[in-house]
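See below for the structure under consideration.
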Amino acid sequence: RALLGVASQERLSLEHFDVTSAFTQAEIDTILYVEPPKGFPNLQRDERGEDLVLELKKALYGTKQASRLWQFALRDFLISPEMGFTNSPHDPCLFSKRDKDGSVMLLGVYVDDIVCAHNRKNFNWFKESFTKKFRSKHLGKLSWFLGMAVDQHEDYSVCINQHKYISKLVER
């Protein structure tokens with residue numbers, strides 16, 4: 001909500017990105033072995049009849065470190081010299097980039113959903129760079145985030161509501 005407030009005050013447009021299978025896009029930082037998945041009978045045992053294991057190369061949903069590794073991968077990319085974002089010292093899920101040419105870009109990250117507030121300068125560069133690095137989709141103008149409907153008006157004011165959630169609650 002704070003990001004939406006700042007975007008409104010600074011007259012920034014709001015866009016939404018969704019990262020596809022985010023955790024699997026992070027490299028694993030330790031040696032981790034797992035049993036082969038069921039349904040792969042050829043991989044269950046070796047030629048001597050011993051159980052096989054697989055070494056993970058990427059983080060997987062369900063592993064304890066997956067979320068942390070994804071956040072590190074995303075942060076390292078965003079704060080790299082190529083991208084030039086600064087990570088908030090107060091909230092590790094907020095990133096900002098303010099250039100001398102007047103371009104402003106603020107990012108709010110919630111696991112694999114990213115809200116991008118921008119003043120249109122360099123947005124296409126960000127979109128291209130981000131989707132090239134991570135399998136992700138640009139969902140367009142922000143309209144739905146974390147169970148809230150988001151409406152940004154022409155004057156850049158932002159309204160959020162949970163009408164859909166409340167309607168479902170009343171129905172139940």
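No side-chain heavy atom of Ser88 sits less than 4.5 Å from a side-chain heavy atom of Phe95. Side-chain contact between Leu94 and Asn87 is absent, with no heavy atoms from C-beta onward closer than 4.5 Å.
At distances below 3.5 Å, not a single donor-acceptor pair connects side-chain atoms of Asp112 with backbone N or O atoms of Ala22. The closest donor-acceptor contact from the side chain of Asp18 to the backbone of Ile114 lies at 3.5 Å or more, if one exists at all.
Looking at residues two or more places apart in sequence or on another chain, you find a side chain to side chain donor-acceptor pair (under 3.5 Å) between Glu10 and Arg98.
For residues 156-172, the side chain to side chain donor-acceptor pair (under 3.5 Å) pairs, not counting sequence neighbours, are Arg120-Tyr156, Asp155-Ser157.
Remark: Lys133 NZ is loosely packed, at most 12 non-hydrogen atoms of other residues, nucleotides or ligands lying under 6.0 Å away.
Taking the six-membered ring for Trp and thresholds of 30 and 60 degrees, Phe130 and Phe134 have ring planes inclined between 30 and 60 degrees apart. Between His138 and Phe17, the angle of the ring planes lies from 30° to 60°, which puts this pair in the tilted group.
Linking ILVMFWY residues whenever their side-chain heavy atoms come closer than 4.5 Å, directly or via other members, places Leu107 and Trp125 in the same cluster. Both Ile79 and Trp70 belong to a common hydrophobic cluster when Ile, Leu, Val, Met, Phe, Trp and Tyr are linked at side-chain heavy-atom distances under 4.5 angstrom.
A ring-centre distance under 6.0 Å is found for Phe145 and His16.
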**Request:** Show your working on ring pair (Phe, Tyr, Trp, His ring centres under 6.0 Å) between Phe126 and Phe85 and close with a plain yes or no.
**Result:** CA-CA 11 Å; Phe126 171 77; Phe85 281 86; 5.8 Å; yes
**Asked** Could you walk me through whether Tyr110 and Cys93 pass the side-chain contact (heavy atoms from CB on, under 4.5 Å) check?
**Response** CA-CA 7 Å; Tyr110 186 79; Cys93 298; over 6 Å; no
